[in-house]
Amino acid sequence: MPKSLEDKIKDRIREAGPMSVAEYMTICLLDPVQGYYPTRDPLGADGDFITAPEISQMFGEVLGLWCVQSWIDLGRPETVQLIELGPGRGIMMSDMLRAASLDADFKSAVQVWLIEASAALEAVQGRTLANAGVPVHWAARLEDVPAGHSLIIGNEFLDCLPIQQMICNDPFAGKDGWVERRVGLDDEGRLCFVRIDVPAAAALTQHLPDGASEARKDNLLETCPAVAQIIDGLVHRFADHPGRALFIDYGPEDTEFGDTLQALKRHQKVGVFSDPGNTDLTARVDFAALSETAKNAGLTTSATVPQREFLSKLGIEMRAVALTRSQPDAKAVIARQLHRLSADDEMGELFKAICLSSADLPPPLGLR
Ligand code: SAH
């Protein structure tokens, strides 16, 4: 029998010592042969988790209108790259394009680029968007998309980027007071977290947000160096051609301490070390840190707005009314979908939207 991903991870730890949480996440989620995303379509009722575009077409539709308004804000360029990071099954893009097609000039300007790490999901996206009526391309990285005006969107993309975990060992020692938490093996050879009792490397502590200065001894903080890379990519793109990036994800507006790495399987939380490669691993997004990194890099950053407020400003209630009028039998279903997306005890408050833009654009719709 071929070795399981878990055994391969354990071998690596035995050889090289405890691995960073980011390395553990990367192997589990993206190992090309046994990783979570490359080997399956994890979304939907039959999968492990469900996302806003999977709940209702209304989500992508109002975002399509956001795209049209953003394209107008960019000065109606003749071509615009509509780039989606981590497009899942392609449903959100399909719904966005259908709604945005109401503006024929926008539709003829659009070139779609999908940034996807999973070959399995890329195939699904191809089928979903086969009749989109606009050119659709794939790229492995944002940097591979041709230069041009761009609108970039990522829904539940940042939460699956690899995080690092650090623990405050000495609150009075600044960045030198932090140590790293890694993934190692316990006495029985099982995967577990281990605290490395030397100051964490500068490559890690450089990503600590301002909020880290509030830490008390033994507080844990997560950072996401991959976010800084994405922001670099945006700065680079926007240097020549203006653009906007919209991120929607779950997480607090202000930096909070604590371990938020979680694993989901069949819509249930399971242990982060149970069945590596076969569970969805995510961590909450630190919107304060994201905003701070973006501002320091010179991007114009919107407020962080709860999903309820953002969708409402984009007119999702009116969309629900119109949809109900055309499908009266689906009235209760549509009401339930709206509730799931917007209610405070569902996705309305936990999920947030933020927009990072090049300079000199009007404030983005819904985030003003
Ligand atoms: N946006 C979709 C899917 C969210 S799941 C939705 O809302 O339904 C996360 C998506 O990001 C998947 O498509 C996954 O394959 C992709 N992904 C994860 N890590 C990635 C990476 N490093 N680069 C590109 N895509 C990635």
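Just follow the structure's listing: the first ligand is 1, and inside any ligand the first atom is 1. Values below: all heavy atoms of this structure, side chains included; hydrogens, waters and symmetry mates excluded. From a predicted model like this one, the values you see are computed outputs, not experimental measurements. Counting from 1, the numbers follow the sequence of the chain as shown.
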Would you mind listing which atoms of ligand 1 come within a distance below 4.0 Å of any non-hydrogen atom of [X]?
X: S118; result: 15 (O)
X: L43; result: 8 (O)
X: E156; result: 4 (C), 5 (S), 9 (C)
X: G88; result: 2 (C), 3 (C), 13 (O)
X: I115; result: 24 (C), 25 (N)
X: P53; result: 6 (C), 7 (O), 8 (O)

* Q69 side chain to D73 side chain, donor-acceptor N/O pair below 3.5 angstrom ->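 Present: a donor and an acceptor within the cut-off.
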
* Distance-only donor-acceptor check, side chains E317 and S312, under 3.5 Å ->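 Note: E317 and S312 side chains meet the donor-acceptor criterion.
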
If we set the cut-off at 4.0 Å for heavy atoms, which region of [X] has an atom near ligand 1: side chain, backbone, both, or neither?
X: L85; result: neither
X: L121; result: side chain
X: L30; result: side chain
X: C160; result: side chain

* Asked: Can you tell me if M92 has a non-hydrogen atom under 4.0 Å from ligand 1?
  ->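 Contact check M92 vs ligand 1: negative.
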
* E54 to ligand 1: N or O pair under 3.5 Å? ->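 Not met; the criterion fails.
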
* Looking at T304, V227, D159, I230, which hits side chain to side chain contact (heavy atoms under 4.5 Å, CB included) with F247? ->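 Per the side chain to side chain contact (heavy atoms under 4.5 Å, CB included) rule, the option paired with F247 is I230, out of T304, V227, D159, I230.
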
* Asked: What class does the angle between the rings of Y250 and F351 fall in, given that below 30° is parallel, 30 to 60° is tilted and above 60° is perpendicular?
  ->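 Rings of Y250 and F351: tilted, as their planes differ by 30° to 60°.
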
* Between D48, T279, D280, N278, which is the residue that forms a side chain to side chain donor-acceptor pair (under 3.5 Å) with Y36? ->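 For Y36, the side chain to side chain donor-acceptor pair (under 3.5 Å) test succeeds with only one of D48, T279, D280, N278, which is D48.
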
Give the residue and atom name of whichever protein heavy atom lies nearest to [atom], and the separation in Å to one decimal.
atom: atom 13 (O) of ligand 1; answer: E116 OE1, 2.7 Å
atom: atom 21 (C) of ligand 1; answer: A117 CB, 3.8 Å
atom: atom 7 (O) of ligand 1; answer: N155 ND2, 2.8 Å
atom: atom 8 (O) of ligand 1; answer: T51 OG1, 2.6 Å
atom: atom 2 (C) of ligand 1; answer: G86 O, 3.4 Å

Please examine the side chains of [Y] and [X], heavy atoms only from C-beta on, and report whether any two atoms are closer than 4.5 Å.
X: E84; Y: V112; answer: no
X: M58; Y: Q337; answer: yes
X: L74; Y: H241; answer: no

* **Over 12 non-hydrogen atoms of neighbours within 6.0 angstrom of CG in D360** =>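 No, the 6.0 Å shell around CG holds no more than 12 heavy atoms from other groups.
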
* Asked: Considering residues, nucleotides and ligands other than D46, do more than 12 of their heavy atoms fall under 6.0 Å from its CG?
  ->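 No, not enclosed.
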
* Going by the ring-ring contact (aromatic ring centres under 6.0 Å, His included) test, which pairs reach into residues 267-297, not counting sequence neighbours? ->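 Applying ring-ring contact (aromatic ring centres under 6.0 Å, His included) to every pair that reaches into residues 267-297, excluding sequence neighbours, yields Y24-F273, F193-F273.
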
